[in-house]
Amino acid sequence: MGWTLMIHGGAGSMRRGQLAEADDAAGRAGLSAALEAGAAILRDGGSALDAVEAAVKVLEDDPAFNAGRGSVFTWDGRIECDAAIMDGRDRNAGAVAGVTATRHPVSLAREVMANSAHVLLSAAGADAFSKEHGLEQADQAWFAIPERRRQLDEMKARPEGAFDSGMKYG
Amino acid sequence: TVGAVAVDEAGHVAAATSTGGLTAKRWGRIGDSPLIGAGTYADDRAAAISCTGSGEHFIRLGLAHELCARLRLCGDELSIVEQDLIAELGRIGGKGGFIAVTPEGDARWAFNTPGMYRGRVSHDLEAQIAIFGDE
């Protein structure tokens with residue numbers, strides 16, 4: 001029995017010739033780094049659970065993708081993250097929604113799975129759980145990158161475009 | 001949104017998804033990523049799956065759990081189920097895609113958008129990276 005790892009960095013309207021070269025290169029570099037992080041664990045006989053967490057953490061740190069550091073802004077100019085993780089062995093699962101201050105939301109989801117009686121924690125409660133359980137904290141400035149701010153400003157400049165109708169960035 | 005699915009040497013599967021959501025989201029909107037069974041699911045009896053796209057549609061279809069249930073209860077091949085579910089997603093107006101791997105190592109991605117940031121690597125397959133739909 002061998003091992004396999006797959007990753008994604010989001011689906012969307014990326015078309016050849018329209019994606020800036022720098023964005024193309026940044027995306028491919030980020031995907032390669034995430035694959036290597038997970039494959040290194042699997043190659044050593046590690047678990048699928050550890051491998052998917054490691055790969056997603058790399059993508060969470062990469063501003064090229066919409067998660068963690070590359071997160072988008074809410075209407076109010078805040079960063080809120082969601083994450084989930086699930087173990088096929090026993091269908092144990094952990095998830096967080098609307099968290100604002102944990103550097104790696106996927107690791108917080110795993111902490112919920114491993115060290116709480118719950119599956120899904122949200123918002124201020126999940127932020128408090130993160131602090132109490134010693135996860136690495138990050139302030140809003142860590143997550144806020146200029147291109148995402150520009151995208152928010154662009155969307156807010158279109159008063160007719162309700163936040164979901166465009167589904168333009170995310 | 002980012003995600004990963006894996007099967008390890010012991011044949012166990014796992015899935016993880018993480019997202020910043022939608023730009024300019026309001027009213028506490030939450031998409032499919034953190035909802036177990038919608039955007040993320042893993043079951044050694046079926047597969048591990050991580051989704052990305054218009055979250056409301058993945059929630060309505062319970063897409064991640066639906067894929068695992070089809071494999072487990074109908075015994076369908078992943079190649080069939082993935083196409084059925086992408087078609088179903090499109091029928092209700094949804095956009096996006098997913099990655100999935102079975103305990104036997106059948107690993108596939110499917111999407112109905114022009115592109116998807118994606119990659120895969122195996123014990124016997126060099127790393128593959130792709131962005132555009134025609135790669």
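Numbered from 1 within each chain, the chains take letters A, B, ... in sequence-line order.
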key: Nearest-0.5 Å distance, CG of residue A:N92 to CD1 of residue B:I36   = 9.5 Å
key: Taking every non-hydrogen atom, the tightest pair across A:D23 and B:Y117   = O-OH, 4.5 Å
task = Test side chain to side chain contact (heavy atoms under 4.5 Å, CB included) on B:V121 and A:W3 and set out the steps.
result = CA-CA 9 Å; B:V121 62; A:W3 54 266; 3.9 Å; yes
key: Partner chain A: residue of B:Q128, B:R45, B:E104 with the largest heavy-atom pair count (under 4.5 Å)   = B:R45
request  = Heavy atoms only, distances under 4.5 angstrom: which of B:I129, B:D134, B:L35, B:T40 has the most pairs with chain A? Name it, please.
outcome  = B:I129
note = Rounding to 0.5 Å, atoms CE (A:M86) and OG (B:S50) come to a distance of 13.0 Å
request  = Classify the side-chain pair B:H12/A:S47 by whether it contains a donor and acceptor separated by less than 3.5 Å.
outcome  = no
note = Counting heavy-atom pairs under 4.5 angstrom with chain A, the leader among B:L125, B:I131, B:V13 is B:I131
query = Given the rule in the side chain to side chain contact (heavy atoms under 4.5 Å, CB included) test, do A:R43 and B:H123 qualify, once you have shown the distances and angles that lead to the verdict?
reply = CA-CA 7 Å; A:R43 215 176 275 132; B:H123 64 285; over 6 Å; no
A:H8 side, atom NE2; B:R120 side, atom CZ - distance, nearest 0.5 Å = 14.0 Å
inquiry  = Could you measure the distance from the OG1 atom of B:T19 to the CD atom of A:E80? Nearest 0.5 Å is fine.
reply    = 11.5 Å
key: Shortest non-hydrogen separation from B:P34 to A:V96 and the atoms involved   = CB-O, 3.4 Å
ask   = CG/A:N66 to OG1/B:T52 distance, rounded to the nearest 0.5 angstrom?
value = 8.0 Å
message = At a 4.5 Å cut-off on heavy atoms, which part of A:L31 comes close to chain B: side chain, backbone, both, or neither?
response = both
message = I'd like to know which of B:W109, B:F98, B:F111 tops the heavy-atom pair count under 4.5 Å against chain A.
response = B:W109
